[in-house]
Chemist: 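Take this structure first; my questions come after.
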Amino acid sequence: MEENAAQCKNQEKDKLSYYKALHDIANQIHAAKDIDEILINLKGEMLRLFDADRITIYVVDGRTKEIYSRFKEGEFPNEIRVPISNKSIAGYTANNAQITNIVNAYDSHELSMINKDLGFDKRWDEKTKYVTKQILTVPIFYKKYVIGVLQLVNKRSGVRFTPDDQNCAAELADVLGIAFFNQRKMAQQRTKKTKFDYLLNQAIITEKELARAVSLARDLNSTLEEVLIKELRVKKEEVGRSLAEFYGCPYVPFNSSFPIPGDLLARLKPAYLKNNLWVPLEKKEGKVRILIDNPQRLDKIDSVKTLIPAAGYEFVLGLKDDILQFLEHFFGVPQGQADGSIDEIMARLDSGSGEEELEGVEALTEDDSVIVQLVNKMVMDAHKKKCSDIHIEPYPGKEGAEIRFRIDGACQKYQTVPHSYRRALSSRIKIMAELDISERRKPQDGKIKFKRFAPLDIELRVATIPTVGGEEDVVMRILAAGEPIPLEVMGMGKRDHDLLVNMISKPYGIVLVVGPTGSGKTTTLHSVLHHINKPETKIWTAEDPVEITQRGLRQVQVIPKIGFDFAAAMRSFLRADPDVIMVGEMRDHETVATGIEASLTGHLVFSTLHTNSAPETITRLLDMGMDPFNFADALIGVLAQRLVRTLCKSCKKPYTPSRQEYDLLVRAYDGNFDALGAPYSSDLILYKANGCEACDNTGYKGRASIMEILEGTDKMKSLIQGKAKMEDLRAQAVRDGMTTLMQDGIRKILLGFTDIQQVRKVCIK
């Protein structure tokens, strides 16, 4: 009896000490200056209270849907972050507001009894040689909301955390919940608003880290923003967002695809803008948009309004680094050009000269080197940005001319040319292309060998078109030399690859590659020729122009102006012992008829055509007057293709599509979708555009081909001989195994290359 009484007395004493320690910790929590002091400095006393090896206190970050905890690593604090999901123990507690008391974290059966998705990440144990066994997690509430998680690891005495530990942890969690709420409320009620409140409120940095950054900025003679980004590893976007929230205006990061506002920069010096840290971005509907480091500096705003008169102004925030990059982008010297930067070019142009003086040859004498520099810079910038086409679009009156680049199939504004020298620009390009500069009433075509004018070995195809108001548009296609792409890396499905290889291995017949301008037809044809280019095979090609050269091919540049067109070239090839003939384009009846005749006399003929799909190609050729029996005998197959923009590999974002989106893909596929092996489930992952510096914040970088291949089967040839309708030809091609353009596009969506928006932009079926 006496022993039992003594034991009970000791238990009461231990319990009293237990709750006294809990009360002391609660007082210290409420007295802490900030959340970090709780997360870092009070862990030791809590461990002694629970007789545990380790303790982690997580706080919910609602913005990222994560829980985070700070710990001391050396002299400075660091943090760990865990997603709020059922895949981790602490994440499960935050997600479901449920206590867990686990005996063995390595026992997958015990974890699955709590939740089928629950797991334990062993990497930290393996890294530190520590063995985690018991885990107790308790949600930290404020009112009905989970705002954190208390996690205890490894009970030092005993096989698991006791019910008393669990109750005590729940009481401590209540104290922490009130303390966290009060700390956040105090932070939000600070009377003095600072530029970095957003970073503090979102727990991206702490007050101590901010104080350390201020000290470092003073020591390094640098800006506070640069120290936060470079030394404390805060994302530039987060710093910009914090400043934007403070100043009450949008943050605009640097974007290399931003058009150069030539009309706004003409009278501004880069040195002045660099010293004052502002730069004009664009002018819309009379309002000028200005990027500035401090939108509240009245002296800078007055300078802007004096130098750039406008009906209105919009000031947007930029970090120093962003502004300097914009200045370099707008005023920088292209590689290989030593004649000056864009601001010098703009400044030297006589903006006061009338357009009447710039219309003829007189406007482009040897003294007009400034126009020469402007055109050279434009072409070299376009090549550097991997642009396919340059569009120069003058507007009547005083509006000037816009220059746009087509990059990865989409047009982007490059810069605005003031109206006073827009005609000098087009005249200079005409001189380079050896066109008639006095003729502005009808279209002209020509070529520029750019190597004659600047240290860059490219060729440009030039087209001029008269537009309203006596103006003239100029479009230049950059014909950069390239290497053929192996068929194996073109992204074709197995059926299409095997069928194409079989088609091009035939001894005679005709194979057509079709699609709109700029869809990669010539590149595909050269890939095909590269595959069959063997010493025993004689291959002749007629092209306009010759873009890709291959050793082993005999390549001919046609010159329509002197009568040496595709038909004439093909007739010459037939007398030059060919095995294979490639014709750049079948533009007329004579070229098509000659090609069919060549294919029926023992030659393999390749060519291109501008049609929308493979079945439409057959009806188009029959409409051109081709004999259906000869054409059916000659046809091996038709490959139709498009180029779709691909998602940026650096930033594309995975997601699980909704059932509605999945059903939309199934309907658009309009075929045996099950054959793709992508049933709907929570594990199905697609990708969408996000945006980063690598892709100029567009979310897309590069292009990939989508294809459909119609095979000239016996049934298909029978339909051709009967001049069947296009719908019947398409239905037969599908029965023969053809994957349509839309179906191939959806296959590439499931592979993570692109998205449905880009596929729909280039094809219908």
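Start at 1 with the first residue, then count along the sequence.
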Chemist: Please determine, by modelled atom types, if Glu661 and Tyr655 share a side-chain donor-acceptor pair under 3.5 angstrom.
Modeler: yes

Chemist: Ignoring hydrogens and angles, tell me if any N or O in the side chain of Arg642 forms a donor-acceptor pair with the backbone of Val762 under 3.5 Å.
Modeler: yes

Chemist: Determine whether Val234 and Ile204 make a side-chain contact, defined as any pair of heavy atoms from C-beta on separated by less than 4.5 Å.
Modeler: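 Val234 reaches Ile204 side chain to side chain.
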
Chemist: Evaluate the ring planes of Trp278 and Tyr272, with Trp represented by its six-membered ring, and classify them as parallel (under 30°), tilted (30 to 60°) or perpendicular (over 60°).
Modeler: perpendicular

Chemist: Ignoring hydrogens and angles, state whether a donor on the side chain of Ser519 or Arg703 is under 3.5 Å from an acceptor on the partner side chain.
Modeler: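 Result is no, nothing qualifies.
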
Chemist: Answer yes or no: does atom NZ of Lys236 have more than 12 heavy-atom neighbours from other residues, nucleotides or ligands under 6.0 Å?
Modeler: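 Yes - once you tally the heavy atoms of other residues, nucleotides and ligands closer than 6.0 Å, there are more than 12.
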
Chemist: Compare every heavy atom of Ala463 with every heavy atom of Asp445, then report the nearest pair and how far apart it is.
Modeler: OD1-CB, 3.6 Å

Chemist: Can you say whether the rings of Phe450 and Phe453 are parallel (under 30°), tilted (30 to 60°) or perpendicular (over 60°)?
Modeler: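 Phe450 vs Phe453 ring planes: tilted.
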
Chemist: I'd like to know whether Asp755 forms a side chain to side chain contact (heavy atoms under 4.5 Å, CB included) with Tyr687, so could you lay out the CA-CA distance, the side-chain angles of the two residues, the decisive distance to 0.1 Å, and finally the verdict.
Modeler: CA-CA 7 Å; Asp755 55 33; Tyr687 292 86; over 6 Å; no

Chemist: Is any side-chain heavy atom of Arg440 closer than 4.5 Å to one of Ser426?
Modeler: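 Yes, at least one pair of side-chain atoms sits under 4.5 Å.
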
Chemist: Do Gln758 and Thr754 have a side chain donor and acceptor closer than 3.5 Å?
Modeler: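 Gln758 vs Thr754: no donor-acceptor pair found between side chains.
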
Chemist: When rounded to the nearest 0.5 angstrom, what distance separates CE in Met742 from CG in Leu665?
Modeler: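 The CE atom of Met742 sits 9.5 Å away from the CG atom of Leu665.
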
Chemist: Does some side-chain heavy atom of Leu317 sit less than 4.5 Å from a side-chain heavy atom of Pro295?
Modeler: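 Yes, close enough: below the 4.5 Å cut-off.
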
Chemist: Between Lys748 and Val759, does the side chain to side chain contact (heavy atoms under 4.5 Å, CB included) criterion hold? Intermediate values first, please.
Modeler: CA-CA 9 Å; Lys748 286 185 166 61; Val759 174; over 6 Å; no

Chemist: Using every non-hydrogen atom in the two residues, find where Leu686 and Ile749 come nearest and quote the distance to one decimal.
Modeler: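 Result for this residue pair: CD2-O, 4.0 Å.
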
Chemist: Taking it one step at a time, do Asp322 and Tyr251 satisfy side chain to side chain contact (heavy atoms under 4.5 Å, CB included)?
Modeler: CA-CA 10 Å; Asp322 292 318; Tyr251 164 62; 2.8 Å; yes

Chemist: Taking NZ, NE, NH1 and NH2 as the nitrogens, is one of them in Lys287 or Glu314 under 4.0 Å from a carboxylate oxygen of the other?
Modeler: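 Salt bridge between Lys287 and Glu314, a charged N being under 4.0 Å from a carboxylate O: no.
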
Chemist: Considering all heavy atoms of both residues, which atom of Val288 and which atom of Ala310 are nearest to each other, and what is their separation?
Modeler: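 Closest approach of Val288 to Ala310: CG2-CB, 3.5 Å.
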
Chemist: Would you give the length of the straight line joining atom CE of Met432 to atom CD of Glu434, rounded to the nearest 0.5 angstrom?
Modeler: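 That separation rounds to 11.0 Å.
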
Chemist: Got a donor-acceptor contact below 3.5 angstrom from the Lys701 side chain to the Ser650 backbone?
Modeler: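 Side chain of Lys701 to backbone of Ser650: no pair is present.
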
Chemist: Taking atom types as modelled, is there a side-chain donor on Tyr414 or Asp381 under 3.5 Å from an acceptor on the other?
Modeler: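 Note: Tyr414 and Asp381 side chains meet the donor-acceptor criterion.
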
Chemist: Under a 3.5 Å distance rule, please check whether Gln444 uses its side chain to pair with a backbone N or O of Asp436 as donor and acceptor.
Modeler: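 Yes; at least one donor-acceptor contact below 3.5 Å.
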
Chemist: Determine whether Tyr247 and Asp293 make a side-chain contact, defined as any pair of heavy atoms from C-beta on separated by less than 4.5 Å.
Modeler: no

Chemist: Would you say the side chain of Leu324 lies within less than 4.5 Å of the side chain of Phe254, judging by non-hydrogen atoms?
Modeler: no

Chemist: State whether the side chain of Glu439 and the backbone N or O of Arg441 hold a donor-acceptor pair below 3.5 Å, judged by distance alone.
Modeler: yes

Chemist: Any side-chain heavy atom of Tyr198 within less than 4.5 Å of one from Glu238?
Modeler: yes

Chemist: Is Lys451 paired with Glu459 through a side-chain N to carboxylate O contact shorter than 4.0 Å?
Modeler: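 Looking at Lys451 together with Glu459, the answer is no, because their closest N to O distance does not fall below 4.0 Å.
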
Chemist: If you count every heavy atom of other residues, nucleotides or ligands that lies below 6.0 Å from Lys385 atom NZ, does the total exceed 12?
Modeler: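 Yes - once you tally the heavy atoms of other residues, nucleotides and ligands closer than 6.0 Å, there are more than 12.
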
Chemist: Could you pull out the closest heavy-atom pair between Val462 and Ala433, with the gap in Å?
Modeler: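 In this case the closest contact between Val462 and Ala433 is CG2-CB, 4.0 Å.
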
Chemist: Check the pair Ser303 / Asn276 against side chain to side chain contact (heavy atoms under 4.5 Å, CB included), numbers first and verdict last.
Modeler: CA-CA 10 Å; Ser303 298; Asn276 288 275; 5.8 Å; no

Chemist: Mind checking the CD-CZ spacing from Gln296 to Phe246? Nearest 0.5 Å is all I need.
Modeler: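 Output value for this atom pair is 5.5 Å.
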
Chemist: My understanding is that only one of Lys430, Lys442, Arg423 makes a salt bridge (charged side-chain N to carboxylate O under 4.0 Å, His left out) with Glu472; could you say which?
Modeler: Lys430

Chemist: Taking all non-hydrogen atoms of both residues, which atom of Asp408 and which atom of Gly702 are closest, and how far apart?
Modeler: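 It is OD2-N, 2.8 Å.
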
Chemist: Between atom CG of Leu456 and atom NE2 of His383, what is the distance when rounded to the nearest 0.5 Å?
Modeler: 5.0 Å

Chemist: Give me the atom names and distance for the closest heavy-atom approach of Ala217 to Val227.
Modeler: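 Heavy atoms of Ala217 and Val227 come nearest at CA-CG2, 3.6 Å.
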
Chemist: Any donor and acceptor pair, going by atom type alone, linking the side chain of Arg241 with main-chain N or O of Leu199 inside 3.5 Å?
Modeler: no

Chemist: Taking the side chain as everything from C-beta on, heavy atoms only, tell me whether Ile292 gets closer than 4.5 Å to Leu277.
Modeler: no

Chemist: Using the salt bridge (charged side-chain N to carboxylate O under 4.0 Å, His left out) definition, which of the options Arg404, Arg477, Arg461 pairs with Asp389?
Modeler: Arg477

Chemist: Is there a side-chain contact between Leu319 and Ile229, using heavy atoms and a 4.5 Å cut-off?
Modeler: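 Answer yes - side chains close enough.
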
Chemist: Can you name the one residue among His391, Lys447, Met378 that meets side-chain contact (heavy atoms from CB on, under 4.5 Å) with Met476?
Modeler: Met378

Chemist: From Leu228 CG over to Ile205 CD1, what is the distance, rounded to the nearest 0.5 angstrom?
Modeler: 5.0 Å

Chemist: Mind checking the CG-CG spacing from Leu281 to Leu291? Nearest 0.5 Å is all I need.
Modeler: 5.0 Å

Chemist: Hey, mind stepping through Glu225 and Lys195 against salt bridge (charged side-chain N to carboxylate O under 4.0 Å, His left out) and telling me if it holds?
Modeler: CA-CA 10 Å; Glu225 291 83 358; Lys195 292 192 290 185; 3.6 Å; yes

